[in-house]
Protein chains: 2
Amino acid sequence: MQADVLGRTFSALADPTRRAIMARLVLGEASVSELAEPFDMSLVAVSKHLKVLESAGLISKGREAQWRRCRLEAMPLKELDDWLETYRRFWSESLDKLESYAASLKQRRNVNERDE
Amino acid sequence: MQADVLGRTFSALADPTRRAIMARLVLGEASVSELAEPFDMSLVAVSKHLKVLESAGLISKGREAQWRRCRLEAMPLKELDDWLETYRRFWSESLDKLESYAASLKQRRNVNERDE
DNA sequence: CCATTAATTAACCTATAAGTTAATTAACTT
DNA sequence: AAGTTAATTAACTTATAGGTTAATTAATGG
């Protein structure tokens, strides 16, 4: 398994089922069976997914009678966002390139129009 | 393997070696053996890591004589950033909570000071 | 043409991720 | 006390990730 926090976050979010669970939890807290309902897999499987999310710190569970209420915990996502910081200039650079390319296309079109 | 783009991005970045390679490529393009140099593993292993990054679209390779120059490609990271958008309010919320907690601590300290 | 350098492909090993079913724990309900 | 509901743990299967060494491909340089 992954030792580093970031690695665990990335690897937890690599699974589409787990990302769907995260998306669901944006809407509010939910029990394990509520979370499991939309998926075509056993409750056990979902329970394991939740454990992965929990040990990555992406969710927490509170107990109420026989239910576990799961809630989203965002701090690991914030760390992910911080990690991205180093790379932001790269996509703004390529967006700049795209933009200037688009501008040059437009320019060319205008020239052609003048020719007609 | 992962079908979805986002899943591939997350899973590519889950590995610390691959994140280190990404960090190196921020500094500029590099050949496979240059990239492999800092790591205590075979060139083959690094080559495989590069293939994972490449099929996630996170790097590209150009050929020059017998060298492959690897460069960072940021678009998948931008998609990751977009994915994060949904969750941003969550950590600002918890930062707000932290902030107001800190404020209340400060408040209490001031009260105590007045008592002394 | 042959040797060297850069990188990939092939074949293999081992650990782990993601699922299954069956059994167990724990709390509520009657 | 017995039954029901919620969830976890245990035991198992299968596929894949990440590493190894040996063999192969491809370009350069004597």
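All chains are named by letter (A, B, ...) in the order of the sequence lines, taking the proteins before the strands, and each is independently numbered beginning at 1.
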Of all heavy-atom pairs between [X] and [Y], which one has the smallest distance, and what is that distance?
X       : Y       : result
A:Ile59 : A:Glu73 : C-CG, 3.7 Å
A:Ala45 : A:Met41 : CB-SD, 3.6 Å
A:Arg89 : A:Thr86 : CG-O, 4.3 Å
A:Arg24 : A:Ala30 : NH2-CB, 3.4 Å
B:Arg18 : B:Ser11 : NH2-O, 3.2 Å

Task: Under 3.5 Å: donor-acceptor pair, side chain of A:Ser47, backbone of A:Leu43 - done: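 Checking the backbone N and O of A:Leu43 against the side chain of A:Ser47, no donor-acceptor pair under 3.5 Å is found.
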Open item on the list: Just to be sure I understand the rule, does A:Ser31 reach a base, reach only the sugar-phosphate, or reach nothing, if contact means heavy atoms closer than 4.0 Å?
Closed with: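 Answer is sugar-phosphate: A:Ser31 comes under 4.0 Å of backbone atoms only.
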- [ ] Look at A:Arg18 and C:dA18 and indicate whether a side-chain polar atom (N or O) is within less than 4.0 Å of OP1 or OP2.
- [x]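 For A:Arg18, the contact criterion (side-chain N or O under 4.0 Å from OP1 or OP2 of C:dA18) is met.
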Measure [atom1]/[X] against [atom2]/[N] and give the value in whole Å, please.
X       : N      : atom1 : atom2 : result
B:Trp67 : C:dT4  : CH2   : P     : 16 Å
A:Asp15 : D:dA17 : CG    : P     : 13 Å
B:Arg8  : D:dT16 : CZ    : P     : 13 Å
A:Glu34 : D:dT5  : CD    : P     : 16 Å
B:Arg19 : D:dG18 : CZ    : P     : 12 Å
A:Phe39 : C:dA18 : CZ    : C1'   : 14 Å
B:Arg68 : C:dT9  : CZ    : C1'   : 12 Å
B:Arg69 : C:dA6  : CZ    : P     : 13 Å

Task: Identified pairing partner of C:dT8, criterion: Watson-Crick or G-U wobble below 3.5 Å - done: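 Base-paired to D:dA23.
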Open item on the list: Whether A:Glu54 and A:Lys51 form a salt bridge (side-chain N of Lys/Arg under 4.0 Å from carboxylate O of Asp/Glu) is what I want to check.
Closed with: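 Result for this pair is no, no salt bridge flagged.
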Open item on the list: What I want to find out is whether B:Asp82 reaches B:Lys78 closely enough, with some N-O distance under 4.0 Å, to be called a salt bridge.
Closed with: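 Yes, B:Asp82 and B:Lys78 are salt-bridged.
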Open item on the list: Can you work out whether A:Val52 or B:Gln66 has the more 5'-proximal nearest nucleotide on DNA chain C?
Closed with: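 The residue whose closest nucleotide sits nearer the 5' end is B:Gln66.
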Task: Close residues, residues 56-65 of chain A, relative to DNA chain C [heavy-atom separation under 4.0 Å] - done: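 Close to the strand are A:Arg63, A:Ala65.
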Task: nucleotides 20-25 of chain D: protein proximity per nucleotide (B base, S sugar-phosphate only, - neither; heavy atom, under 4.0 Å) - done: BBB---
Task: Residues that A:Trp83 engages under side-chain contact (heavy atoms from CB on, under 4.5 Å), provided they are two or more places apart - done: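 Applying side-chain contact (heavy atoms from CB on, under 4.5 Å) to A:Trp83 gives A:Leu6, A:Phe10, A:Tyr87, B:Leu13, B:Arg19, B:Leu77.
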